[in-house]
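Some notes on the structure that comes next.
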Amino acid sequence: QPVDTGGIARDFTLRNRLTGQPVSLYDFAGKIVVLDFFAYWCPPCQASSPELEQNVQRYYAARGGNASGLPVVVMEVNIESANPALTDAFVRQVQSSLVVDDLQRVAYNQFLVGQNAIPRFVIINGTGSHRINAPEELGRMVGADILRRYRVVNHNAHDPATLARV
């Protein structure tokens, strides 16, 4: 069942493509998480994934978080299983900091609201106390022209101990 915009994201655990270690959404409680669902063969993904890595992940990492001091993490989520070598080449080219595999589309289906298409961006507010306006926030992060080209879904996730709506 997809989570509606503004709903509470369910935890999921996926494999880190670079290390093989498990990565759970709730590992990032207290941080803003930008999920970027991609496949190596997707031309819009080939444009957007490097933009997110450079203009969101590295930008906010260098500044210690957003204007409110909240850390921002970009999680690149691969949904393609057919050609691992081409996915690896794409990941190397993008120089992604955090890439996970969602080959069974566990996370993807949770955020499948509207059209089934990639790239798909999901912004998750992991603090339970700081609300962001997803389109405007992402527009400031990567530029309004990029935002107009891609679908954005805004969701809230909370510390698993509190699970209160924002």
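Hydrogens, waters and symmetry mates play no part in the numbers below; they use all other heavy atoms, side chains included.
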Heavy-atom side-chain proximity of [X] to [Y] below 4.5 angstrom:
| X | Y | answer |
| --- | --- | --- |
| Val23 | Phe28 | yes |
| Arg17 | Thr87 | yes |
| Tyr60 | Asn66 | yes |
| Leu14 | Asp102 | yes |
| Lys31 | Leu70 | no |
| Ile79 | Leu103 | no |
| Val74 | Leu98 | no |

Item to check | Check against side-chain hydrogen bond (donor to acceptor under 3.5 Å, both in side chains), Asp88 and Tyr40 | outcome: CA-CA 9 Å; Asp88 290 340; Tyr40 72 87; over 6 Å; no

Checklist entry - Out of curiosity, does Phe38 fall in the hydrophobic cluster containing Leu86 (side-chain heavy atoms, cut-off under 4.5 Å, transitive links)? => result yes

Checklist entry - Between Val99 and Trp41, is there a shared hydrophobic cluster once you connect ILVMFWY residues whose side-chain heavy atoms come closer than 4.5 Å? => result yes

Checklist entry - Got a sec, which residues hit side chain to side chain contact (heavy atoms under 4.5 Å, CB included) with Asp27, two or more places apart in sequence or on another chain? => result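 Per chain and number, Asp27 pairs via side chain to side chain contact (heavy atoms under 4.5 Å, CB included) with Ser24.
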
Checklist entry - Between Val94 and Leu52, is a side chain to side chain contact (heavy atoms under 4.5 Å, CB included) present by the stated rule, with each step listed? => result CA-CA 9 Å; Val94 171; Leu52 285 171; over 6 Å; no

For [X] and [Y], which heavy atoms make the closest approach, and how far apart are they?
| X | Y | answer |
| --- | --- | --- |
| Ala9 | Leu25 | CB-CD2, 3.9 Å |
| Glu53 | Ser97 | OE2-OG, 2.5 Å |
| Gly30 | Pro71 | O-CD, 3.9 Å |

Do side-chain atoms of [X] reach the backbone of [Y] as a donor and acceptor pair under 3.5 angstrom?
| X | Y | answer |
| --- | --- | --- |
| Asn16 | Gly20 | no |
| Asp101 | Arg15 | no |
| Asn78 | Val100 | no |
| Gln104 | Val106 | no |

Checklist outcome for this item: The single option from Arg58, Gln57, Gln54 that satisfies side-chain contact (heavy atoms from CB on, under 4.5 Å) with Gln95 is Arg58

Next on the checklist: Testing Ser49, Ser96, Cys45 one by one against Asp36 for a side-chain contact (heavy atoms from CB on, under 4.5 Å), which residue passes?
Outcome noted: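 Exactly one pass, corresponding to Ser49.
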
Checklist entry - Stepwise, does the side chain to side chain contact (heavy atoms under 4.5 Å, CB included) test hold for Glu51 with Val56? => result CA-CA 8 Å; Glu51 292 278 352; Val56 177; over 6 Å; no

Item to check | Between CD on residue Glu80 and CZ on residue Phe90, distance to nearest 0.5 Å | outcome: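 Here the rounded value is 11.5 Å.
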
Next on the checklist: Ring-plane angle category for Phe111 and Phe37, please: parallel below 30°, perpendicular beyond 60°, tilted otherwise.
Outcome noted: tilted

Item to check | Within 45° cone of Tyr59 ring axis and under 6.0 Å: Arg63 NZ or CZ | outcome: yes

Checklist entry - Ile118 and Tyr108: side chain to side chain contact (heavy atoms under 4.5 Å, CB included), yes or no, with the steps? => result CA-CA 10 Å; Ile118 55 174; Tyr108 182 83; 3.9 Å; yes

